[in-house]
Peer 1: 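Before we start, here is the structure in question, set down as C-alpha cells.
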Amino acid sequence: MKKIYLTLLLLCFMFYSGVNIFAQAIGSKFYQKTFDQSNGLPENTVSCILQDKFGYIWVSTWDGLARYDGNEFTHFKSTTSDKSCLLPSNRINWITETSYSDIWCIVNQKVYLFRRSSLTFEEVCPKEQLRPIRHICPQDNHKSWLVAQDGTAYEVADNHPQKVLRKFKVNLDAENTAVYKASTGDFSFFADTHGNIKFRNLYTLEIGYAKKNPLVNLIYGISKYRNNSVLVSTNHGVYVYETPTKFYPLPGWEKQYMRYLCVDKQGNIWMANYPGLTELCPIKEIITPHKIAIEQKDEFIRALYQDKLGRTWIADKNNFIRIIRDNKTFYLSSNGTLSESRSAFGSNIYCIYEDYLGNFWLGTKRNGLFKLTPSAGKFDITHYPTTTQQFGLNCSSIYAITEDAQHNLWLGTHGGGINKAVFDKQGNAKFLNAKNTFKNYPEGCEKVRCFYSMKNGVMLVGTTNGLVSFSTKEKNPKFFLNQEKVKENSMIGNDVMQIAANKKGEIYLANFGGGVNIITSKQLLSNDLTFKQVNTLNGLASDASLTLAFDSQDNLWTISEMAISKYNRNHTITNFSIRDFGDNFIFSEVQPICIGKQILVGTTQGLLTFSLDKLKKSSFSPAVVINHIFVEGKERLQDFNIKPSLVLEKDERNLIINFSTLDFNRSAPILYKYKVEGLDDDWKVVKNTSLNLANIPAGKYTLEVTSTNGDGMWNCPIRKLSIEVKPKFNETLFAKVLYSILLIALGFFIYIIATYIYRLRAQIEEVQLATNEKIEKISQRIHELMGNKASLEDLHTDVADKIIDKQREFTDKLMEYMNQNIERSELQVGDIAAHMGMSKTLLYTKTKEALNCTPLTLINDLRIKRAVKLLESGNNVSSVAYSCGFSDPHYFSRCFKKAMGCSPSEYNNKNEE
C-alpha cells in the first residue's frame with residue numbers, strides 16, 4: 001500500500017512538473033473580471049453558463065436567470081403575478097438553448113421553457129408523467145431529448161414541447177447523450193458519468209479514454225477553446241486538451257475547483273466561481289516605447305531622421321543624440337565624436353537634415369544652427385548662432401530645415417519666419433529673411449513648424465498662423481497665405497504642424513484642431529487654395545493632429561497626443577489609442593519614420609517602434625442587440641432581437657430604446673451609430689446606449705443601429721427594428737379624405753357667399769345709378785325749361801362746340817376710353833378715374849364742367865346710344881344688352897325705356913313699321 005501511495009505521488013509530481021513547464025512555454029495571460037450581487041448578478045450561486053446565438057451570456061442561479069449584455073445583467077424569474085407559469089422554485093439547476101433561441105431550464109428535475117418572445121416561463125409536457133430529468137440534448141431537427149436519470153429519453157419539439165413525440169432508452173455514457181462535449185479539428189471530447197474524459201477520432205472513429213490528472217475524478221464542463229483545443233473543468237483545476245494525450249492546466253487555474261465554464265466567441269472564459277461569476281479575458285500583446293535612460297523621468301523624443309546610409313538619428317530633450325546602424329547605438333558628443341557610451345551633445349535638437357553634399361544640419365531650440373561635416377569616423381562641427389548683423393540668423397530656435405530644387409538651404413525658425421542660407425566660397429553664411437530681404441513675408445507667420453519642398457520650385461511653409469507658399473526660383477518671391485475662412489472648401493485650423501505627400505503627389509497637412517487637410521487645388525501659388533478634410537466626423541481619433549507620415553504601402557499615419565490613426569488607401573480609418581501601447585506616455589510632434597514595414601514614433605518615454613503587420617485591431621464582429629424598450633415609460637416585455645418589430649397604439653408616441661454590443665473584451669469605449677429611416681435618414685454617432693424618440697408621428701419606420709467592437713473598429717452588423725405607429729383619427733386616410741371634402745365644401749360655400757355679395761353690390765350700384773338718373777333727369781328738365789334742351793344724338797357735338805381747348809383734350813381722352821370699354825359690364829367710375837389719373841370726385845367735377853353730366857349718366861347714355869344703333873341693325877334684345885355692357889337683359893330694358901320712352905322690343909317694332 002505504501003508503494004502504491006509513493007507511486008501515485010511520483011506520478012503527480014511528474015505530471016505537475018511537465019504541465020507547469022509546458023504552461024510557462026505557452027505564456028498565456030488573462031485579466032480577470034468578477035461579477036457578484038454587488039454589480040448586478042441576482043444571486044452568487046451560479047449553476048450553469050451559456051452563450052446564445054446572438055452573443056448574450058446567460059447564467060442560471062439559485063434566484064432565476066440572468067442575461068449579461070456587456071453592460072448590465074437583466075434578471076428573469078417567476079413571480080406570483082405570472083399568469084403563464086409559476087416555477088416551483090427560482091433555483092434553476094441547468095440551462096441550454098433551443099434551436100429557436102429559447103432557453104431550456106431544469107428546476108427540481110422538471111423541465112421548463114423560457115420563451116424569449118414573451119420573456120415568460122412555460123411548463124414542458126405538463127400532462128405527461130416524466131421521470132426526473134438529468135439534462136437535455138438538443139438535436140439538429142428542431143427537436144430535443146429530455147434525458148432522465150435512469151437513461152429514459154423523451155423527444156419533444158423545440159417550438160411546441162407540450163407532448164412527448166417518442167420515448168426510448170439511451171446510454172448515458174455515449175457521446176450523443178453526454179452532458180458536456182466539444183470538438184477540436186481532429187477529436188470530439190465528452191465526459192461520461194464516471195468522471196472520465198472520452199474522445200472520438202473524427203477520422204478513424206476510434207473511441208477511447210483521454211489521459212488526465214490522477215487527482216481528477218469529476219468533470220464539470222467541456223467547452224471548445226482556441227487553436228483547435230478544448231477546455232475541461234474538473235474538481236482539480238481547468239485543463240486545455242489539444243489531443244487525448246497532450247493537455248496542460250490553464251495558467252493560474254491549476255488546482256482550483258471549478259464547477260461550470262463556458263468559452264465565448266472571443267475566447268473569453270466564463271467560470272462559475274463561488275461567490276459569483278468570473279470572466280477571464282486574454283490580454284493581447286502590447287507594444288511599448290523603448291526608453292534608453294531608465295533613470296530619467298522622461299525621454300521626450302524631439303527629432304527623428306534617417307540618412308542616406310540608412311542610419312537612424314534620434315534626438316531627445318535630455319540633449320542626447322543617438323545614431324543607430326545595424327542594431328548598434330552610438331552617441332554624438334559635443335566635439336563631434338561617436339561613442340557607444342552615453343554622452344550628451346549639449347543642445348536640445350528639434351530637427352535634423354542631410355543636404356545633397358552629405359553634410360548634416362541640426363536645428364536647435366534657443367541655440368541656433370549646427371553644421372556637421374563627416375570626417376574620418378567623426379564630425380567637424382560648425383555653429384551658427386544668432387547675431388545682430390544685417391544678414392545674420394534672426395532667431396535661435398530652428399524647428400525645420402530643408403533644401404529647394406536648386407539645393408539652397410532653408411531654415412524655419414520659431415519666431416523669425418524663414419531664413420535662406422547663402423554661403424560664399426570660404427563657407428561664410430548670410431541669412432536672408434524678413435528683416436533684410438523678404439520684406440513682404442506675411443505678418444503673423446513668424447513661427448514656422450515645417451517645410452515641404454517640391455521639384456518645381458514651389459515651397460510650402462507650415463506656420464502657426466496658416467500655410468505659406470512661394471516660388472524658390474524668384475530672388476525676392478511673392479508670398480501667398482492661406483488661412484481658415486468662413487467658406488466652403490477652406491482649410492480648417494491655422495496651426496500647420498506637418499506636411500507630407502503620398503505617391504500620387506496629393507499633399508496632406510496635419511492641422512492642430514483641424515485634423516487632416518488635403519489640398520485639392522492644382523495651382524499652389526494662390527491665396528485661395530481649396531481643401532478637403534479628414535477629421536473626427538470621418539472617424540479620426542482626434543482633430544488635434546501633431547504630425548503625419550506615409551508608410552511604404554502609402555497609408556497615412558496621423559498622430560495626436562493620445563492616439564495614432566491609420567488612414568487606409570480605401571479611405572477607412574483605424575484608430576489606436578494610447579492604451580494599445582501601455583498608457584504611460586503621450587506622443588510627441590516629431591514626424592514618424594517609415595522604414596520598410598517598421599514605423600518609428602516619438603513619445604515622451606522614448607522611441608516607439610512597431611510593425612505594420614503586427615499592429616492590428618480585433619476583427620471580431622459582435623452583435624448589436626436591443627435589450628429593453630420602454631413605451632411611455634413602461635417596458636415592453638419582448639425580446640426584439642428574435643422578433644424585430646414594434647407596434648405602437650395611437651396614443652403611444654414616446655420611446656426609450658436600450659441597446660448594447662456583445663463584446664466582452666473591450667480595450668476601447670464602444671461608439672454607436674444609428675438612424676431612423678422615415679424619420680431622420682442621417683446617421684448619428686453617440687456614446688450612450690439609450691435612444692430617446694419623442695412625439696413620433698404616425699407611420700412606419702426602421703431603426704438601424706451599429707457600433708464599434710471592443711477594439712474601436714466599425715465592423716458590427718446592423719441591427720434593424722421595424723416600428724409602426726398607428727394613426728390617430730386625424731392622421732388616418734379616411735380623416736384626410738373627410739377633411740378634404742369639408743375643405744372643398746367650405747370653399748364652395750365661400751364662393752356662394754362671395755357671388756351673393758357681388759350681386760348685392762351690383763344691385764346697390766343699380767339703385768345708385770337709378771338715383772343719379774333721376775337727379776340728372778330733373779337737371780335736364782330744368783335745362784329744357786330754360787331753353788337749353790339738346791337731343792341725345794347731338795350731345796357730344798353740342799358740348800364740343802362750347803368747351804374750351806383744355807376741356808376738349810379731357811373730353812377726347814375720356815370718350816376714347818369710354819368707347820373702347822363700353823362693352824364691359826364691370827366698368828365702373830373708379831376704373832375711369834384710374835385711367836384718367838384722378839380721383840372719382842375730380843372726375844365727377846370735370847365731367848360735369850365739360851359734358852354737363854355725371855360719369856354714370858355718361859356711361860348710361862353712351863350704352864343707350866350704342867344699343868339704339870345695334871337695334872336698328874336688326875340685333876335681338878339680349879345680344880344688344882350684352883354688347884352694350886349690361887349683365888342683365890331685364891335691367892337693360894328698364895334703362896332703355898327710361899331713356900327712350902319705350903322698351904327695346906317696342907323700338908324694334910317701330911323701326912320695322
Peer 1: Going by salt bridge (Lys or Arg N to Asp or Glu O under 4.0 Å), name the residues that satisfy it together with D613, two or more places apart in sequence or in a different chain.
Peer 2: K597
Peer 1: Taking the six-membered ring for Trp, are F587 and F585 parallel (under 30°), tilted (30 to 60°) or perpendicular (over 60°)?
Peer 2: perpendicular
Peer 1: Tell me, please, which residues at least two apart from D307 pass salt bridge (Lys or Arg N to Asp or Glu O under 4.0 Å).
Peer 2: R311
Peer 1: Cut-off 3.5 Å, no hydrogens considered: what does the side-chain donor-acceptor table look like for residues 418-427, sequence neighbours left out?
Peer 2:
from: N419; atom 1: OD1; to: N433; atom 2: ND2; distance (Å): 2.9
from: N419; atom 1: ND2; to: N394; atom 2: OD1; distance (Å): 2.8
from: D424; atom 1: OD1; to: Q426; atom 2: N; distance (Å): 3.0
from: D424; atom 1: OD1; to: G427; atom 2: N; distance (Å): 2.9
from: D424; atom 1: OD1; to: N428; atom 2: N; distance (Å): 2.7
from: D424; atom 1: OD2; to: N428; atom 2: ND2; distance (Å): 3.3

Peer 1: Using the rule given for side chain to side chain contact (heavy atoms under 4.5 Å, CB included), can you reason through E340 versus F330, listing the C-alpha separation, both sets of side-chain angles and the distance that settles it, and then say yes or no?
Peer 2: CA-CA 5 Å; E340 293 187 31; F330 298 92; 3.7 Å; yes
Peer 1: Under 4.5 Å between any side-chain heavy atoms of V240 and Y248, yes or no?
Peer 2: yes
Peer 1: For F550 together with Y508, are the ring centres under 6.0 Å from each other?
Peer 2: yes
Peer 1: For the residue pair F370 and H383, does the interplanar ring angle fall in the parallel (under 30°), tilted (30 to 60°) or perpendicular (over 60°) class?
Peer 2: parallel
Peer 1: Would you say the side chain of W557 lies within less than 4.5 Å of the side chain of V601, judging by non-hydrogen atoms?
Peer 2: no
Peer 1: Could you pull out all residues at least two apart from S334 that satisfy side-chain contact (heavy atoms from CB on, under 4.5 Å)?
Peer 2: none
Peer 1: Can you list the steps and then say if E299 with T604 is a side chain to side chain contact (heavy atoms under 4.5 Å, CB included)?
Peer 2: CA-CA 5 Å; E299 191 171 282; T604 57; over 6 Å; no
Peer 1: Please enumerate all residues that pass salt bridge (Lys or Arg N to Asp or Glu O under 4.0 Å) together with E354, with sequence neighbours excluded.
Peer 2: none
Peer 1: Tell me, please, which residues at least two apart from T603 pass side chain to side chain donor-acceptor pair (under 3.5 Å).
Peer 2: none
Peer 1: Looking at every non-hydrogen atom in both residues, tell me the closest pair between I381 and S333 and how far apart they are.
Peer 2: CD1-O, 4.2 Å
Peer 1: Would you call the rings of F379 and F360 parallel, tilted or perpendicular, taking 30° and 60° as the class edges?
Peer 2: perpendicular
Peer 1: Tell me every residue that passes side-chain contact (heavy atoms from CB on, under 4.5 Å) with I593, counting only those two or more places apart in sequence or in another chain.
Peer 2: L304, Q306, T312, I595, L600
Peer 1: With N359, which residues qualify under side-chain contact (heavy atoms from CB on, under 4.5 Å), at least two apart?
Peer 2: D355, L357, W361, K371, T373, P374
Peer 1: Strictly distance-based, threshold 3.5 Å: is any side-chain N or O of N482 a donor or acceptor partner for the main-chain N or O of L529?
Peer 2: yes
Peer 1: Where do D580 and K617 land on the salt bridge (Lys or Arg N to Asp or Glu O under 4.0 Å) test, with the steps shown first?
Peer 2: CA-CA 10 Å; D580 293 317; K617 284 288 190 177; 3.0 Å; yes
Peer 1: Does H407 have any side chain to side chain donor-acceptor pair (under 3.5 Å) partners at least two apart in sequence or in another chain, and if so, which?
Peer 2: none
Peer 1: Have a look at Q533 and tell me which of N511, N489, N517 forms a side chain to side chain donor-acceptor pair (under 3.5 Å) with it.
Peer 2: N517
Peer 1: Tell me yes or no: between the side chains of T661 and D663, is some donor less than 3.5 Å from an acceptor?
Peer 2: no
Peer 1: For T558 and S565, does a side-chain donor sit closer than 3.5 Å to a side-chain acceptor?
Peer 2: no
Peer 1: According to the side chain to side chain donor-acceptor pair (under 3.5 Å) rule, which pairs have a member within residues 452-467, sequence neighbours left out?
Peer 2: N465-Q483
Peer 1: Applying the ring pair (Phe, Tyr, Trp, His ring centres under 6.0 Å) test to F470, which of Y441, F480, F479, F438 qualifies?
Peer 2: F479
Peer 1: Applying side chain to side chain donor-acceptor pair (under 3.5 Å), which residue pairs with at least one partner in residues 536-545 are found, sequence neighbours left out?
Peer 2: T536-D543
Peer 1: Quick one: does NZ or CZ of R366 land under 6.0 Å from the six-membered ring centre of Y350, within 45 degrees of the ring axis?
Peer 2: no
Peer 1: Run the side chain to side chain contact (heavy atoms under 4.5 Å, CB included) test on T413 and Y399 for me, step by step, so that the C-alpha distance in whole Å, both residues' side-chain angles and the decisive distance to 0.1 Å come before the verdict.
Peer 2: CA-CA 6 Å; T413 70; Y399 283 13; over 6 Å; no
Peer 1: Listed by chain and number, what are the salt bridge (Lys or Arg N to Asp or Glu O under 4.0 Å) partners of K378, not counting sequence neighbours?
Peer 2: D380
Peer 1: Under 6.0 Å from the six-membered ring centre of F320 and within 45° of its axis: does the NZ or CZ of R342 meet both?
Peer 2: yes
Peer 1: Taking all atoms of both residues into account, what is the closest heavy-atom pair of N709 and P622, and its distance?
Peer 2: CB-CD, 3.6 Å
